[in-house]
Amino acid sequence: MNAVVEASERGAQIPECPTVMTESPDFASRPAYFRGRQQAAWERFQSLPMPARTDEAWRFADVKALDLSPYRAAGAVSDAQQAVLLARSRGLGETAGRMVFANDRLLSHEVLADDMRAKGVIWLPLEQALVEQRDLIERHFMSGDSLLGSAKFAALHEAHVKAGSFLHVPRGVEVALPIEVFHWLSGDGAAVFPHTLIVADECSKVTVVDSFAGASDGPGFACGVNDIVVGNGASVTYVAIQRWSEKTLAFHLNNTSVARDATALALRLNLGGARVRDEAASHLRGQGGRSDMLSVSAAAGAQIFDQRTLQIHEQPDTASDLLYKNALNDRARTIFTGLIRVEPVAHKTDAYQKVRNLILSNEAEANSAPGLEIEADDVRCTHGATSGTLEEDEMFYLQSRGIPRWEAQQLITFGFLSEVFDRLPCASLRDHLTDLLHEKLG
Amino acid sequence: MSLEIKNLHARIAGNGTEILRGLTLTIEKGKVHAIMGPNGSGKSTLSKVLGGHPDYEITDGDVLLDGASILGMEPDERSRAGLFLAFQYPMEIPGVSNANFIRAALQARMPEGEELEATDYYAQLYEKMDMLEMDRKFTARSVNEGFSGGEKKRNEILQMLMLKPKYAILDETDSGLDIDALRVVSKGVNSQRGAERGFLVITHYQRLLDYIVPDEVSVLVGGRIAMSGSKALALELEAKGYDWIKEDAAEPACA
């Protein structure tokens, strides 16, 4: 009895604080055609259940940790902080363009390379693209279903989204330098919904680097979507650098569509975040298509990286190659469940899936569940997961050269993870990722 | 000044079998001391024990580097104190470039807060690599990964040239080497001979000692030194094998 009274009194004194779960997003500022879509997404978010422990897509995960009630849509950052964040928005030396967002607000949009201007490349902040590129948005914006467990959070993203980058590279155009996009999250309890949509038309070529980072150490929520549509013969390289604050709950949800003779190469670098759910689905939709899915995660403290992947071969003669590497220190946890699915028509599929965990602490835990579903004959599919600790003989070798034990561990860990960067075609990008990894491990 | 091994007893950690059973040997600065011995005599154990490998435990005896015991030291401390071990089977370290590895080893010898000067470092590295006829591409490649046997051994000697130890232990550096590689590796070692450095050359075969001519040769049998002599002893072993010493060593050794 007492408890009930107390609860009602407290309810009366403190007005219920609006959160990302309860407060309807501000649809009014969006174009009419998009408003309806967001309204529907909001209703979908509210009607879909929260993930349960028994859901196969949430196996190994701590679903209780998905409480969104502490978070509300982020407010604008101060002018002084804007200047600081703009100055910090430097990753690669030379870039074709740079876009910077802080708390889902555009701070800058710079087109730096001539091939971005001259060749009909459309590269816009999402808000502007919604108005000016309705056809492309209607065709490609979140056009793929959420297949890996986070349909509810994809709906939340769709309902709230206002910031991000939209890129359309027309037929035959190659953008030589990488394009950089920064998303900053600032303020305790702030929520952002960064979006990335890359549409590469026939025989075009482009590299995009998304950088997600916390401006401070406080808790936050990020729910992002990155979708990549690679046209016939086109080539897209996408890198996501995740450095949210170590108190951030984050979702990064992806659908990649790979057409005939096209190649998609994506690398996800996970350094920050408290709990990060990272879903990536590659659809091989045309003969000769290829998708490379790479990930590097350096997990420490109490970080949890939860990664779910799908390589779905929908046409014959397609290839996919997944390599995810995790190094786990302290009490960190990683979860990987991946599926290679080969549709009945997809003969001559060549699919590869490998997860490697380097366990640096007795308290760290890695769960890996690679999987295959093959409905075609004449395919080549291999998958596997390995977990190992440091090799004492390797440690002894490094130590015998005078390198202290802690540093030997760091070198071996760094070597183990950074090998994945060699798969990237661009040297400046490799160097940048190497520096960031050093920073985290150092 | 010397590396003094005194009545050293060692066994595999947690396992009762002693492999070194009262080994006494002195490697003087400025000298090359060769150790020969049949398989299983404890040659490789000796090098690992001196380096501080955690698989072994010392049950008796001591090892003094210029008078100070190194047995309580971690492997990296022994290295920084001036000991170098050229491995019989150098480890591969994926993803760590050779240049960064050697730089980390040199950096570990610098005082806190001081940075190794990159230009000087590479100049030195290239000079030593040229001497060892190593292609420049080996700076960027992962440590020993995919190296041939000969390339690995050259890489060991390269590290020795860069680290300039007081005492170097070469563990069967000649194994797996063809004559050309043996010549190059020996040239590297010989270039380091001098008053400021002592060598312990562990080998199964006399052949290496034609290239790195020792001042003294000792024979290791059953975990202790069974006989010592001049270079001529190596030739005698080559001609007669080890069996005749084995029989002698079976007698209780005089203390």
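The sequence lines fix the lettering, A, B, ..., with proteins before strands; numbering per chain opens at 1.
When every heavy atom of A:F396 is checked against every heavy atom of B:G52, the shortest pair comes out as CE1-C, 3.6 Å. Of all heavy-atom pairs spanning B:A108 and A:G402, the tightest one is CB-O, 3.2 Å.
Counting heavy atoms of neighbouring residues, nucleotides and ligands inside a 6.0 Å radius, atom CE of B:M1 does not exceed 12 of them. Other residues, nucleotides and ligands contribute only 12 or fewer heavy atoms inside 6.0 Å of the NZ atom of B:K6.
The salt bridge (charged side-chain N to carboxylate O under 4.0 Å, His left out) contacts involving residues 188-201 of chain B comprise B:R193-B:D215, where partners must be two or more places apart or lie in separate chains.
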At a 3.5 Å cut-off, give me the donor-acceptor pairs between chain B and chain A, one pair per line with the distance.
unit_1, atom_1, unit_2, atom_2, d
B:H53, NE2, A:D393, OD1, 2.8
B:D76, N, A:Q399, O, 3.3
B:D76, OD1, A:Q399, NE2, 3.3
B:S79, OG, A:S400, O, 3.3
B:S79, OG, A:R401, O, 3.4
B:S79, OG, A:G402, N, 3.0
B:R80, NH1, A:G402, O, 2.8
B:L85, O, A:R401, NH1, 2.6
B:L85, O, A:R401, NH2, 3.0
B:R109, NH1, A:R401, O, 2.8
B:N144, ND2, A:Y397, OH, 3.2
B:E156, OE1, A:R401, NH2, 2.6
B:E156, OE2, A:Y397, OH, 2.3
B:Q159, OE1, A:R401, NE, 2.5
B:Q159, OE1, A:R401, NH2, 3.4
B:Q159, NE2, A:Y397, OH, 3.2

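For chain A, no part of B:P165 is nearby; none of its heavy atoms comes within less than 4.5 Å. With a 4.5 angstrom heavy-atom cutoff, B:L163 touches chain A only via side-chain atoms.
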| request: Begin with the C-alpha distance, continue with both residues' side-chain angles, and end with the deciding distance and a verdict on side chain to side chain contact (heavy atoms under 4.5 Å, CB included) for A:I412 and B:I93. | output: CA-CA 7 Å; A:I412 291 171; B:I93 314 288; 4.2 Å; yes
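Here the CZ atom belonging to B:F101 is positioned 5.5 Å from the CG atom belonging to A:L398, to the nearest 0.5 angstrom.
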